[in-house]
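Some notes on the structure that comes next.
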Amino acid sequence: QVQLVESGGGLVQPGNSLRLACAASGGTLRSYTMGWFRQAPDKEREFVAAISWGGGTTDYADSVKGRFTISRDNAKNTVYLQMNSLTPEDTAVYYCAARRLFAVTVVPTAYNYWGQGTQVTVSS
């Protein structure tokens, strides 16, 4: 069973950047489609970005397109989320998730494994 651990969250001012990382253990990430989701207080968990096994296919929520970039390093068993031009609306707990099937999807229930999340707060 894959265990996922997110890192890289924190407090950042609007307009600045953060890079989140999701490290896996108990399995090799090269066999999983990976996604990032986020959940703000009193809101449902929402899709942020996803990347296919080999990294050739990515998908982004409209709200982050052009600002966030998902990438993966299968040799390091790690997935990243580079977040630029952050705004207060990006404040949330960010989760990474792994999906055994190949297709990239925005649906949270399609992912089999989840990390514990890392808090991102964008505030001046």
Side-chain angles (χ1 to χ4, degrees):
Q1 182 168 337
V2 173
Q3 288 86 43
L4 304 173
V5 178
E6 302 94 337
S7 62
L11 173 64
V12 63
Q13 292 186 337
N16 284 358
S17 300
L18 277 177
R19 189 176 79 154
L20 305 182
C22 173
S25 60
T28 175
L29 278 189
R30 69 178 71 248
S31 301
Y32 294 86
T33 293
M34 299 299 297
W36 284 97
F37 293 78
R38 66 187 182 186
Q39 188 165 17
D42 300 321
K43 292 189 177 180
E44 292 188 355
R45 190 168 299 190
E46 66 172 358
F47 170 76
V48 176
I51 188 167
S52 61
W53 293 354
T57 300
T58 58
D59 193 14
Y60 295 92
D62 287 343
S63 59
V64 307
K65 208 169 287 185
R67 300 187 299 123
F68 290 12
T69 302
I70 188 171
S71 62
R72 65 192 300 160
D73 186 338
N74 287 338
K76 294 183 178 180
N77 242 16
T78 303
V79 176
Y80 303 97
L81 185 68
Q82 177 67 42
M83 306 186 294
N84 298 330
S85 302
L86 285 161
T87 74
E89 289 69 37
D90 295 315
T91 295
V93 177
Y94 282 71
Y95 300 89
C96 73
R99 168 174 159 84
R100 286 193 293 264
L101 297 181
F102 176 76
V104 169
T105 178
V106 307
V107 179
T109 54
Y111 289 79
N112 306 102
Y113 304 105
W114 291 82
Q116 294 298 309
T118 185
Q119 176 71 47
V120 172
T121 303
V122 185
S123 175
S124 55

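Note that the coordinates shown come from a computational prediction; the quantities given were computed from them, not determined experimentally.
- Here the straight-line distance linking atom CE of Met34 with atom CG of Leu29 works out to 4.5 Å at 0.5 Å rounding.
- Side chain of Asp73 to main chain of Thr78: no donor-acceptor pair is present (N/O by atom type, distance under 3.5 Å, no hydrogens or angles).
- Phe68 has its ring centre no less than 6.0 Å from the ring centre of Trp36.
- Results of the side chain to side chain contact (heavy atoms under 4.5 Å, CB included) test with Asn77 over Thr28, Leu4, Val2 single out Thr28 as the only residue that passes.
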Stepwise side-chain hydrogen bond (donor to acceptor under 3.5 Å, both in side chains) check, Arg38 with Tyr94: CA-CA 4 Å; Arg38 66 187 182 186; Tyr94 282 71; 2.9 Å; yes
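- Between the side chain of Tyr32 and the main chain of Ala97, no donor-acceptor pair closer than 3.5 Å is present.
- No donor-acceptor distance shorter than 3.5 angstrom exists from the side chain of Gln116 to the backbone of Val5, with no hydrogens or angles considered.
- For Tyr80, the ring pair (Phe, Tyr, Trp, His ring centres under 6.0 Å) criterion is met by no residue, not counting sequence neighbours.
- Both Val12 and Met83 belong to a single network of hydrophobic side chains, linked directly or stepwise wherever heavy atoms of I, L, V, M, F, W or Y lie under 4.5 Å apart.
- Under the side chain to side chain contact (heavy atoms under 4.5 Å, CB included) rule, Ile51 has a single partner from Ile70, Leu81, Asp59, which is Ile70.
- Checked by atom type and distance alone, the side chain of Asn74 pairs as donor or acceptor with a backbone atom of Trp53 at under 3.5 Å.
- Side-chain N or O atoms of Arg100 include none that pairs as donor or acceptor with a backbone N or O of Tyr113 at under 3.5 Å.
- In the hydrophobic clustering of this structure, Val122 groups with Val64; members are Ile, Leu, Val, Met, Phe, Trp, Tyr whose side-chain heavy atoms approach within less than 4.5 Å, directly or through other members.
- With sequence neighbours excluded, the residues that form a salt bridge (Lys or Arg N to Asp or Glu O under 4.0 Å) with Arg67 are Asp90.
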